[in-house]
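Sequence positions, counted from 1, serve as the residue numbers for this chain. Order of listing sets the numbers, starting from 1, for every ligand and every atom in it.
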Amino acid sequence: MTLTAVEAAPKAELHIHLEGSLEPDMLLALAARNKVAIPYKTADELRAAYDFANLQEFLELYWAGQSVLLTERDFYDLTHAYLARAHRDNVVHVEAYLLPQGHTPRGVPFAAVLDGALAAFDDARHAFGITGGIILGLNRHATQDDALDVLRAATPYRDRILALGLEGPEKGNPPSKFTRVYDQARDWGWHLTAHAGEEGPPEYIVEALDVLKVARIDHGVRCDQSPDLVRRLADQRMPLTVCPLSNVMLKVFPALAQHNLRRLLQAGLCVTVNSDDPPYFGGYVNANYTQSATALGLTEIEQQQLVRNGFVAAFIDDDLRARYLRDLDAAWPQGKA
Ligand code: HPA
Ligand code: ZN
């Protein structure tokens with residue numbers, strides 16, 4: 001099978017939840033290995049449940065699915081499987097969310113979660129040359145005190161965690177709830193990002209920028225309800241980590257053809273393309289690119305710009321960024337408009 005240019009190009013993936021990369025087959029295998037009872041017997045039964053009216057319905061299944069993850073080996077296997085799959089999509093740099101609050105309340109040691117995932121990143125660097133690291137995710141429906149406990153537990157990992165992020169049910173949980181946590185992570189020198197403007201209003205994007213001082217917005221697609229905000233995001237070249245298939249599966253847009261990704265790109269925003277929770281939403285990063293390209297009629301130059309933006313928005317130093325941009329230019333010479 002010949003790959004399209006965008007499929008073959010080296011890419012960054014900046015918005016992927018490791019727990020959301022749990023494939024049905026692995027979920028069943030881990031349930032059996034760990035003797036965790038789940039209400040599904042086959043992968044097809046699980047896939048049939050991937051039908052969501054909104055973010056909350058997805059989150060409930062996503063949290064239930066995480067119950068099979070118990071040991072350091074489980075977190076290694078989960079992370080390794082995702083990185084190997086991303087490598088097949090020619091992803092060369094990954095920044096992946098990991099959610100300790102999804103596991104420590106079930107008695108899983110914080111160290112098992114982090115050590116397993118970090119070891120898989122180390123091995124993927126050697127095996128595939130993949131760079132990147134972990135975004136420590138916070139559940140936004142939990143309290144700020146809970147979040148501060150997570151940061152305390154993360155202290156021994158301070159130098160091995162790339163960034164802080166915010167995920168979970170957005171409405172009613174504004175970014176400003178986590179001001180002190182973000183202040184501390186900034187003092188530690190971590191990069192900062194947050195989900196905002198997926199289901200929540202444009203004001204949450206503004207709060208993430210002004211109060212949490214994030215360098216990137218996850219999703220952010222509801223910015224288009226505020227022309228002033230769209231202008232600001234374009235002027236600041238503030239990256240959005242957009243997840244087109246996720247947005248359709250969670251009814252943020254009725255269909256891919258109605259997605260605003262192309263409009264935002266044309267308005268000058270630094271839009272990137274990512275997979276969010278690939279088995280749940282029907283595709284890894286290449287599927288997000290190719291299906292968006294078809295549904296929205298993206299030109300080759302627009303597709304190249306999206307890939308390029310992934311490296312521009314990555315939390316990497318300027319030398320590595322320049323190297324990745326050169327590699328991209330070499331692999332995919334200037335496309336057609
Ligand atoms: N939004 C909020 N929380 C999440 C998501 C998302 O798209 N995916 C996994 N956790
Ligand atoms: Zn997400």
Practice problem: For F58, counting its heavy atoms only, list the atoms of ligand 1 lying under 4.0 Å from any of them. | Solution: 8 (N), 9 (C)
Quiz item: Which of the numbered atoms in ligand 1 are below 4.0 angstrom from a heavy atom of L59?
Solution: 3 (N), 4 (C), 10 (N)
Quiz item: What residues, two or more places apart in sequence or in another chain, satisfy side-chain contact (heavy atoms from CB on, under 4.5 Å) together with A154?
Solution: F110, L136, I161, W190
Practice problem: Return yes if a side-chain donor-acceptor contact under 3.5 Å exists between E60 and Q56, otherwise no. | Solution: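 Side-chain D/A pair, E60 to Q56: present.
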Practice problem: Please confirm whether R222 makes a cation-pi placement over Y204, using NZ or CZ under 6.0 Å from the six-membered ring centre and within 45° of the ring normal. | Solution: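 No, a cation-pi geometry is absent between R222 and Y204.
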Report the part of [X] (side chain from C-beta onward, or backbone N, CA, C, O) that has a heavy atom under 4.0 Å from ligand 1; answer both or neither where that applies.
X: H219; result: side chain
X: L55; result: side chain
X: Y97; result: neither
X: D218; result: neither
X: E198; result: side chain

What residue and heavy atom of the protein are closest to [atom], and at what distance?
atom: atom 8 (N) of ligand 1; result: D277 OD2, 2.9 Å
atom: atom 5 (C) of ligand 1; result: H17 NE2, 3.6 Å
atom: atom 10 (N) of ligand 1; result: E167 OE1, 3.1 Å
atom: atom 7 (O) of ligand 1; result: D276 OD2, 2.8 Å

Exercise. Determine whether V271 and L306 make a side-chain contact, defined as any pair of heavy atoms from C-beta on separated by less than 4.5 Å.
Key: yes
Quiz item: Heavy atoms, side chains only, cut-off 4.5 Å: are I134 and Y157 in contact?
Solution: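 Not in contact.
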Practice problem: Sum up the protein N, O or S atoms located under 2.8 Å from the Zn ion (ligand 2). | Solution: 4
Quiz item: Passes salt bridge (Lys or Arg N to Asp or Glu O under 4.0 Å), D235 versus R232? Steps please.
Solution: CA-CA 5 Å; D235 287 349; R232 173 180 176 183; over 6 Å; no
Quiz item: Does an N or O from S246, backbone or side chain, lie closer than 3.5 Å to an N or O of ligand 1?
Solution: no
Quiz prompt | Polar contact flag for G168 and ligand 1 (N/O pairs, less than 3.5 Å) | solution =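 Yes; at least one N/O pair falls below 3.5 Å.
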Quiz prompt | CA sep, side-chain torsions, deciding dist, call: D319, R323, salt bridge (Lys or Arg N to Asp or Glu O under 4.0 Å) | solution = CA-CA 6 Å; D319 286 350; R323 194 187 98 200; over 6 Å; no
Self-check item: Ring centre gap for Y97 and H195 strictly below 6.0 Å
Solution: yes
Exercise. Would you please indicate yes or no on a ring centroid separation below 6.0 angstrom for F58 and Y62?
Key: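 Yes, they do, as the ring centres are separated by less than 6.0 Å.
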Quiz item: Once the angle between the rings of Y280 and Y50 is folded into 0 to 90°, is it parallel (under 30°), tilted (30 to 60°) or perpendicular (over 60°)?
Solution: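 Ring orientation of Y280 relative to Y50: tilted.
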Practice problem: Apply salt bridge (Lys or Arg N to Asp or Glu O under 4.0 Å) to R186 and D183, showing your working. | Solution: CA-CA 5 Å; R186 194 178 316 105; D183 284 348; 3.0 Å; yes
Practice problem: Decide salt bridge (Lys or Arg N to Asp or Glu O under 4.0 Å) for K251 and E57; before the verdict, give the C-alpha distance in whole Å, the side-chain angles of both, and the deciding distance to 0.1 Å. | Solution: CA-CA 11 Å; K251 313 289 191 287; E57 278 193 19; over 6 Å; no
